[in-house]
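Accompanying notes for the structure given below.
Each chain gets a letter, A, B and so on, in the order its sequence line appears, and its residues count up from 1. Source: prediction; values computed, not measured.
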Amino acid sequence: MTSFRMPTGGLIDRTQPISFTFDGTAYQGFAGDTLASALLANGVRVMGRSFKYHRPRSVWGAWVDEPNAIMTVSLDGRDLPNCLATTTPLEDGMQARSVNAWPSAQFDIKGGLDLFHRWLAAGFYYKTFIWPDWHLFEPSIRRMAGLGAVSHDVLDGYMSDQIHDRCDVLVVGGGPAGLVAAVAAAQSGQQVVLVDDHPTLGGSGYQYDRIEDMDPQGWVAAQVQALTAAGGRLLRGTTAFGVYDHGLVGLAEAGPFGTAPRLWRMRADRIILASGALDRQITFANNDRPGVMSLFGAAEYLARYGVMAGRDIAVLSNHSFADRVTQRLTDAGARIVPVDPVTDTPRVIGVKTLKAIDTGTRTHPVDTVLVSGGVTPLVHLWRHAGGKLDWCDQRQAFVPGAAPKGMVAVGAANGTFDLEPALEEARGVGAAETTTRPSCSIKLTRLVPKLGTTARQWIDLQHDVTLKDIEMAARENYVSVEHLKRYTTLGMASDQGKTSNMAGLAAMAAVQDVALPEVGTTTFRPPFVPIPLETYHGRISGELRNPVKRLPLEARHRAADAALCEYGGWLRPGWYGSGDPKQHIQAEAKMARETAGILDGSPLGKIEVMGPDAEAFLNFVYYNTIRTMKPGQIRYGFMLTEGGIVYDDGVVSRVGQNRFIVSCSSSHVDGVRAHLEAWRQDGNDPDRIFVHDLTQHWATVTVTGPKARDLVGALGLEVDLSAAAFPHMTFREARFHGHTVRIARVSFSGDLCYEMSIRASQAERLWDAVVAAGQAVGAAPIGIEAMSILRAEKGYIIIGKDTDGETMPHDLGVSAPRDRKTAAYIGDRSLQSETAQEACRKTLVGLAVAEGDAPLVTGAHAITTGGSPRSVGYVTSSYFSPFLGHPVAMGLIEGGAARIGETIEVWHDGERRTATLCAPCFYDPDGGRLHAG
Amino acid sequence: MTQYSAFRLFREGLRGHKGWGKAWRSPTLQRAYDVVIIGGGGHGLATAYYLARNHGIRRVAVLEKGWLGGGNTGRNTTAIRSNYFYPESAALYDLSVRLYEGLSKELNYNVMFSQRGMLVCAHSEHDMEMATRQYNAMRLNGIDAELLTREEIRKRVPILNVSDTARFPVHGGVNQPRGGTGRHDAVAWGYARAADRLGVDIIQNCEVQGFVMEAGRCVGVQTSHGEVRAGVVGAAVAGHSSVLGQLAGYDLPIHSYALQAFVSEPIKPVLDTVVLAPAYGTYVSQSDKGGLVLGGGLDRVPSYGQRGNMPVQEGVIGSLIEMMPALAKVKLLRHWGGIVDVTPDSSPILGPSGVDGIYLNCGWGTGGFKAIPAGGYLFAHLLATGQHTDISRPFDLSRFKTGRLVDESAASGIAH
Amino acid sequence: MQIFTCPFCGPRDEREFHFVAEQGKVRPDTTQSVSDADWAAYLHTQRNEKGRVREVWMHTTCDEVFVMERHSVSMEVLATTALRKEST
């Protein structure tokens, strides 16, 4: 294969050869090459296959606009799908494979699909596969579709760096205009960041012989030097991929091959858009053949990589700016045949290798056709930010119009295609001078696509959308530009329409016989180029993604072989001991009934509410009456939503006249605090109420069971624990080794129980003392699972488990406040609604099963008997009680409380069982043990 | 209108596709219609179709501000399912699934309803109890459902990290085999084409600017194309329901939020089903073209801005990588946002608006696409008869006064 | 991401904030008779304006509740004011 590499020129390092393979064949390139430039230099033309027809394709462009050369690239055991050959820097040992082609891009067995193209036109799938059933056809279509394959192996290195930054001026694009603007801004004292997606700055500058009387490399180096000297920063290989609300710009900085890009969230007072411009596609027969390329793309291959696109080249262009490129190609030794796309009707001859171009009047043997149907500014970020576009007749292009806040466009992105005026414009804008768009020297003949030809003329290369598809879409009245796009899939390929958009609009304008701007444009959606998903991932992996709250006693639990599980955001002991969890849980629950269990209750909410209005405030926040509480008392209560739904349950302790402690459920602390704050500040005088969440400052050790008094008594707290002196639902303060310990006689188990809270730093000391004292009475730590059994035996609920989003307090049997509380409280009016008063509401009941039966399944439904079953509620908690020796269960059942004693059917997974409704209390129903004298 | 079929496609292929007729006409707005539907999205177009087909009402106009199907119909992640807890929701959404099942044939337009299953993961033993409750409810509601173990999920979705090393391990889940995805544009276009064939006038680029009121009743609308009289007016403008309400003078319990969606570059098939992982707040499917289609919850900030932003991107995409680390290197192709109507119970509103002569189809939250056939079917009945069916009645606006909400999230914890 | 200015802490990431409600809702006096319609309006009805909106927000890191005026399409923040200044 002959080399298309020039002996000199370009930015590549000819002293550093690089070996790589493509579809199994070995090639050589140089440091500074991209995969595409190296393949072109080796004379490789077919680099991929199109998505639908599997037509052989080569590169169209030289950078991010490339629709064809998409490859799976392997290096050092990393396999990356869907890499653009035009933007992938060449590295030694790279193995590239074409995607969507087998065995290779050159010989693809699916190439024959193109023979059936006439039946695969735009939207063909909407019109067929209806009979007998879409599902018959879909699997094979799925297998045909898709580009690269992803292996199920997890590649490490998806922890992207995430950087937040700001600057005065962000310049997007490191071409001549961007560089000059950045230098001018930096020299005027602004903090400047310049980003460019190439590894090497300079943009299209290398296509010029001289810039401001210097050779381009020297000029670029001088600008970089000036910029850094003035304090400017440079981010090479960095794509500005989107502009978001409040001026946030997303930047993805490429790292070494296969590693996650670094994500910058950049904010700038001013954004200077210098993103350049691209060639516009021209539609003509077989314009998708390998060897038909973007003219500016060819100029880039020559300028940056010293690669000639071809030797015998036809240039199809309708504008004066093509001449500069043509001249450079001629200087480099190419033979040029100019073809006028306006007057001629060109047709390309050749399939995998280009043989000739037929202009309609004569045939020129050529190996390459270079195309430029105009110059299109890259305005994606402008549109992301909400900027408007104006149609320019002279340029036959959309150029930036009304500017979005804080953004200005310069250079080719602004339609300033001439170098000198672009530099002048950029210099002015950089220095924050007011500028107007300079005039442009481009002379351009309007190009009208030639409709109604028999030959296929390509518009979207990757998606195989042709001019005929546009004509057909128009015939079928898919004329809105968005319908056109979606119906034909024009512009929806991975290049996102960078090559096809303007040609598509021109085609639709021609079909409808209207001016192009009347067709409109589709939305420019971020990201500007596809960026790896991992870019967004950051380092927030595993536990960091949603951190668990940790107990002060975690080390103690681990030492005791606790199974630590997540409950309501806390990492808590589910049970202690390895092996079968069920055995441990049952044993713990039994022990707690027979002697005592020691539970780490630290996550329990401890929100202090203080101030002269605290009493009235809590009386409003709680369903239950708080006002009548006396200091030292504890009361159980519900907080409701304004909709009357039970939001939280817990106890309130009145510490003093103006001081309360709200013990909400462990998983609700943040929500309850926010709830209290919102009501405190919005509707109350916030200077008379204070809310202070001390949950994580205090650890709580709970001792429950008949031996609890003995155990706590052994701690030497000097508190009279007798029932008379310290009854149920009261609390006392005591000292433990000089530290305050608050002892509350509340119970979630239904047994005699003491909750001892102490500052977190003393938790281990208290725990150790309790565990030691427990040994004397046969008590030991229990986990949350055992406690869950204990509370179910007693019929105590867990919000969100035994209640749902419809449960009101009277459904749980607590109706006194609803009937009698006169003061206003949250949710009060909702408890009087039509729904709230229905007799068939789901209410909390116990569910008993026949002797010897297994526990009901939690999540089983109660059903109606006879006919087709209807759900009338469900089992919310169900356990085998080791102490009682039979199952216990609770459920929310329609009209349940009024149906105690009835037998109902319970349905799970198609199987029916029976259960008897009973009061939701299986243990100590008269409370003798709870109040334990 | 041309009938679509494989045979017709074959013949048209031979003669350069010259014989296809217009999918729909571009009629001019008449002075009066029996029914004027505001909003040319899926729901509006389906309503027009069923008005003509089920009720024989053909003097119907659909007024669309932009291009038909250009709102949330063309912006969603195309999931279709009826895995609901309450019988009311199940009846509504399963009517939709059943209509979807026959839709391609009925409309003679392939909407590509692909019943590849809708899997909702459970991440803990408590989740599994809730999943069991959900599963049994679905079965009792007559909805197909499977309760899957971790091992079964591992086999079906091998790319999903179900191990204990995952931040949220997968303990099991509930699958609805009949759930899946459809081709969103095709649903709008198929209904538009079928409605047009029955005589419905679809007027694009026609913005409603006001309502014509006579004796307290709405008798027409003012549009950018002039005034039009209407026997009855139906509003199906999800995302802008409140804006229209302010024009007409009715209040709604709706907040507008952006919901974002994401699609990756096409890759070869790696995912055969729709997977929702509630703890991660992300769901994902793979389109027939090969792109991963993903979404998550609503934005945090109420909004009418139809665009995406970074915090949600990071949440949704970051979570996807935690769920399926092998997809980390796949590239994001596009992301966008649609504005959805969020009601207090996340259930839709179907019924009278409170202003005589105007009926509502709105409040679909994040799940309007899956409900298009049912929404249209039921709304057509309302507009034709002024009466609810048993399926639409629970979704009347009056439920906010009676308190009889249909709050699925409350029962099942499943994001809509 | 958007940047909201907490009147207490200054400009912060939107993720630190929680939307509470539209500004200006007044809770009916429930010790008196309140109609279903009035209660439903208080509970559920939203102005939901497209354009300038006034809303109550909470800065979840300091728990300060404040009023934010912003534009619901452009997302521009026009003003943030401490709630207590509003009420006096």
Revision key, fill the gap. Value for CG (A:Leu80) from NZ (B:Lys331), rounded to nearest 0.5 Å, stands at 7.0 Å
Review point. Side-chain contact, heavy-atom cut-off 4.5 Å: B:Arg404 with A:Glu834?
Key: yes
Review point. Relative to chain B, which segment of A:Glu838 carries a heavy atom at a distance below 4.5 Å: side chain, backbone, both, or neither?
Key: side chain
**Study point:** Distance (rounded to the nearest 0.5 Å) between A:Ile130 CD1 and B:Tyr109 OH
**Key:** 9.5 Å
Practice item. Return the minimal non-hydrogen interatomic distance between A:Val150 and B:Ala326, and the atom names on each side. Key: CG1-O, 3.4 Å
Point to revise | Worked check of side-chain contact (heavy atoms from CB on, under 4.5 Å) between A:Asp245 and B:Arg307 | key: CA-CA 9 Å; A:Asp245 290 335; B:Arg307 55 184 179 268; 2.6 Å; yes
Check your understanding: With side chains defined as the heavy atoms from C-beta onward, is the minimum distance between A:Glu806 and B:Asp407 less than 4.5 Å?
Key -> no
Study note, to complete from the structure: Value for NZ (A:Lys127) from CH2 (B:Trp20), rounded to nearest 0.5 Å, stands at 4.5 Å
Practice item. Assess whether side-chain contact (heavy atoms from CB on, under 4.5 Å) is satisfied between A:His483 and B:Trp189, documenting all intermediate values. Key: CA-CA 9 Å; A:His483 286 158; B:Trp189 299 340; 3.6 Å; yes
Exercise for review: Please look at A:His908 and chain B and tell me whether the side chain, the backbone, both or neither of the residue comes under 4.5 angstrom of a heavy atom of that chain.
Suggested key: both
Exercise for review: Would you mind telling me which of B:Val330, B:Asn161, B:Leu327, B:Val316 has the largest number of heavy-atom pairs within less than 4.5 Å of chain A?
Suggested key: B:Val330
Check your understanding: Hey, are the side chains of B:His123 and A:Glu566 touching, using non-hydrogen atoms and a 4.5 Å cut-off?
Key -> no
Exercise for review: Go through the atoms of A:Ser151 and report whether side chain, backbone, both or neither lie under 4.5 Å from a heavy atom of chain B.
Suggested key: backbone
Practice item. Nearest 0.5 Å please: distance from the CG atom of A:Leu533 over to the CG atom of B:Leu292. Key: 7.0 Å
Exercise for review: Could you tell me whether the side chain of A:Glu534 reaches within less than 4.5 Å of the side chain of B:Ile317, counting heavy atoms only?
Suggested key: no
Exercise for review: Looking only at non-hydrogen atoms, find the nearest pair between B:Arg133 and A:Asp804 and report the distance.
Suggested key: NH1-CB, 4.3 Å
Practice item. Measure A:Phe137 against the heavy atoms of chain B and call it side chain, backbone, both or neither at under 4.5 Å. Key: neither
Exercise for review: For the residue pair A:Phe129 and B:Met112, establish whether any side-chain heavy-atom pair is separated by less than 4.5 Å.
Suggested key: no
Review point. Heavy atoms, side chains only, cut-off 4.5 Å: are A:Asn546 and B:Phe168 in contact?
Key: yes
Point to revise | Residue A:Met492 versus chain B: region with a heavy atom under 4.5 Å | key: both
**Study point:** Options B:Ala145, B:Gly291, B:Ser287, ranked by heavy-atom pairs under 4.5 Å with chain A, top entry
**Key:** B:Ser287
Review point. About how many Å separate CH2 of A:Trp134 and CD of B:Gln115, when rounded to the nearest 0.5 Å?
Key: 13.0 Å
**Study point:** Heavy-atom contact with chain B under 4.5 Å, split by part of A:Val481
**Key:** neither
Exercise for review: Please state whether the side chain, the backbone, both or neither of A:Leu120 comes within less than 4.5 Å of a heavy atom of chain B.
Suggested key: neither
Review point. Between B:Arg116 and A:Glu138, is a salt bridge (Lys or Arg N to Asp or Glu O under 4.0 Å) present by the stated rule, with each step listed?
Key: CA-CA 11 Å; B:Arg116 47 190 54 261; A:Glu138 195 191 20; 3.1 Å; yes
**Study point:** Test: A:Asp909 and B:Arg139 ion pair at under 4.0 Å
**Key:** yes
Practice item. Output yes when B:Glu129 and A:Lys801 qualify as a salt bridge under the 4.0 Å nitrogen-oxygen rule, no when they do not. Key: yes
Review point. Checking side-chain contact (heavy atoms from CB on, under 4.5 Å) for the pair A:Glu471/B:His17: CA distance, chi angles, key distance, verdict?
Key: CA-CA 10 Å; A:Glu471 294 180 73; B:His17 299 280; over 6 Å; no
Review point. If you measure from CZ on A:Arg870 to CG on B:Asn141, what distance do you get to the nearest 0.5 Å?
Key: 10.5 Å
Review point. If you measure from the Lys or Arg side-chain nitrogens to the Asp or Glu carboxylate oxygens, is any gap between A:Glu476 and B:Arg193 under 4.0 Å?
Key: no
Review point. Looking at B:Ala188, B:Ser5, B:Ala279, B:Pro266, which has the largest count of heavy-atom pairs under 4.5 Å with chain A?
Key: B:Pro266
Exercise for review: Measure distances from A:Ala474 to the heavy atoms of chain B and classify the residue's part below 4.5 Å as side chain, backbone, both or neither.
Suggested key: neither
Check your understanding: Taking the six-membered ring for Trp, are B:Phe10 and A:Trp119 ring centroids under 6.0 Å apart?
Key -> yes
Review point. Do you know which two heavy atoms are closest between B:Glu322 and A:Ile540, and how far apart they sit?
Key: OE2-O, 4.1 Å
Check your understanding: Between the side chains of A:Tyr125 and B:Arg183, is a donor N or O closer than 3.5 angstrom to an acceptor N or O?
Key -> no
Check your understanding: Does any heavy atom of chain B fall under 4.5 Å from the side chain of A:Tyr536, the backbone, both, or neither of them?
Key -> both
Exercise for review: Could you walk me through whether B:Leu14 and A:Arg118 pass the side-chain contact (heavy atoms from CB on, under 4.5 Å) test, one step at a time?
Suggested key: CA-CA 7 Å; B:Leu14 291 177; A:Arg118 51 180 77 233; 4.3 Å; yes
**Study point:** Which portion of A:Asn82 sits near chain B, non-hydrogen atoms under 4.5 angstrom
**Key:** both
Review point. Which atoms of A:Pro132 come close to chain B, meaning under 4.5 Å heavy atom to heavy atom: side chain ones, backbone ones, both, or neither?
Key: backbone
**Study point:** Ring-ring centroid check B:Phe85 A:Tyr874, cutoff 6.0 Å
**Key:** yes
Practice item. Could you check which of B:Gly16, B:Pro87, B:Ala137, B:Ala131 has the highest count of heavy-atom pairs closer than 4.5 Å to chain A? Key: B:Ala137
Exercise for review: Count the heavy atoms belonging to other residues, nucleotides or ligands that lie under 6.0 Å from CG of A:Leu248, then report whether that count exceeds 12.
Suggested key: yes
Exercise for review: For B:Lys329 and A:Gly258, indicate whether the former's side chain and the latter's backbone hold a donor-acceptor pair under 3.5 Å.
Suggested key: yes
Study note, to complete from the structure: Applying a strict 4.5 Å limit to non-hydrogen atoms, the region of A:His463 in contact with chain B is side chain
Review point. Are side-chain heavy atoms of A:Ser833 and B:Lys401 found at a separation under 4.5 Å?
Key: no
